[in-house]
Amino acid sequence: MKIAVASEEKYISGHFGHCGGFTIYDVDGSKILNQSFTPNPGHKPGYLPVFLKELEVNVIIAGGMGETAQKLFEENEIKVVVGIEGLCDDAVNKYIEGKLQSTGSVCTEHEYEGHCNE
């Protein structure tokens with residue numbers, strides 16, 4: 001399984017589309033095998049779900065995400081976990097343990113203002 005976290009350095013980004021990049025974890029069962037960083041190629045409508053699908057990502061973790069993006073991830077068979085804050089490593093470990101739950105929050109502002117996960 002591959003888990004991508006929308007990130008700003010080691011922290012979860014408030015909005016996946018405007019993050020610095022994606023920390024991608026290769027996971028086998030309950031063990032993280034590898035971790036890498038992929039810079040955000042740019043926020044274009046509908047592009048990032050396809051981009052991450054091409055990287056074989058199965059799960060996206062982010063602070064906030066719009067409704068259309070969430071639907072596009074689901075169409076690309078990528079599970080969406082939103083409303084998450086804190087360290088990327090902590091969130092991935094909680095997800096692996098089954099202790100990370102999506103709030104289901106949806107960003108409704110078209111322009112990113114830095115408070116999508118409120």
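For Ile84 against Ala91, the heavy-atom pair with the smallest separation is CG2-CB, 4.0 Å. Shortest non-hydrogen contact noted between Val57 and Ile78 is O-CG1, 3.4 Å. Minimum interatomic distance between Leu48 and Gly42 (heavy atoms only, all atoms of both residues): CD2-O, 3.9 Å. Contact record, Gly46 with Leu72: CA-CD1, 3.5 Å, taken as the closest heavy-atom pair. Scanning all heavy atoms of the two residues, the minimum distance from Met65 to Gln70 falls at O-NE2, 3.1 Å. Between Gly63 and Ile12, the closest heavy-atom pair is N-CG2, 3.6 Å.
Here Asn93 contributes atom CG and Lys31 contributes atom NZ; the two are 13.0 Å apart, rounded to the nearest 0.5 Å. One finds the CD atom of Glu9 at 10.0 Å from the SG atom of Cys88 (value rounded to the nearest 0.5 Å). Atom CD of Glu85 sits about 13.0 Å away from atom CG of Asp90, to the nearest 0.5 Å.
Heavy atoms of other residues, nucleotides or ligands lying less than 6.0 angstrom from NZ of Lys79 number 12 at most. By the 6.0 Å contact criterion, CD on Glu77 is open, its count of non-hydrogen atoms from other residues, nucleotides or ligands being 12 or less. At most 12 non-hydrogen atoms from other residues, nucleotides or ligands lie less than 6.0 angstrom from NZ of Lys94.
Contact of the Tyr47 side chain with the Pro41 side chain is registered, since non-hydrogen atoms from C-beta on lie closer than 4.5 Å. Side-chain atoms of Tyr25 and Asp89, non-hydrogen and from C-beta on, do get closer than 4.5 Å to each other. Ile3 places a side-chain heavy atom less than 4.5 Å from the side chain of Ile61. Counting heavy atoms from C-beta outward, Ser13 and Tyr11 have side chains that stay 4.5 Å or more apart. For the pair Val81 and Val59, the minimum side-chain heavy-atom distance is below 4.5 Å.
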Original post:
Is there a side-chain contact (heavy atoms from CB on, under 4.5 Å) between Tyr95 and Val27 once you walk through the steps?
Top reply: CA-CA 11 Å; Tyr95 183 83; Val27 177; over 6 Å; no
Original post:
side-chain hydrogen bond (donor to acceptor under 3.5 Å, both in side chains) between Ser7 and Thr23: does it pass, once the steps are laid out?
Top reply: CA-CA 6 Å; Ser7 52; Thr23 305; 2.9 Å; yes
Subject >> side-chain contact (heavy atoms from CB on, under 4.5 Å) between Val92 and Ile32, worked out >> reply: CA-CA 9 Å; Val92 170; Ile32 296 172; 3.9 Å; yes
Subject >> Met1/Asp26 under side-chain contact (heavy atoms from CB on, under 4.5 Å): CA gap, chis, key distance, verdict >> reply: CA-CA 6 Å; Met1 170 173 49; Asp26 291 304; over 6 Å; no
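The aromatic rings of Phe16 and Phe73 lie perpendicular to each other, with more than 60° between the two planes, well past the 30° mark.
For the side chain to side chain contact (heavy atoms under 4.5 Å, CB included) criterion with Phe22, the lone passing option out of Leu52, Val5, Leu55 is Leu52.
Put simply, the side chain of Asn40 gets close to the backbone of Gly17: a donor and an acceptor are under 3.5 Å apart. Distance alone, capped at 3.5 Å, places no donor-acceptor pair between the Asn76 side chain and the Lys53 backbone.
With respect to Glu75 and Lys71, no salt bridge is recorded, no charged nitrogen being found less than 4.0 Å from a carboxylate O.
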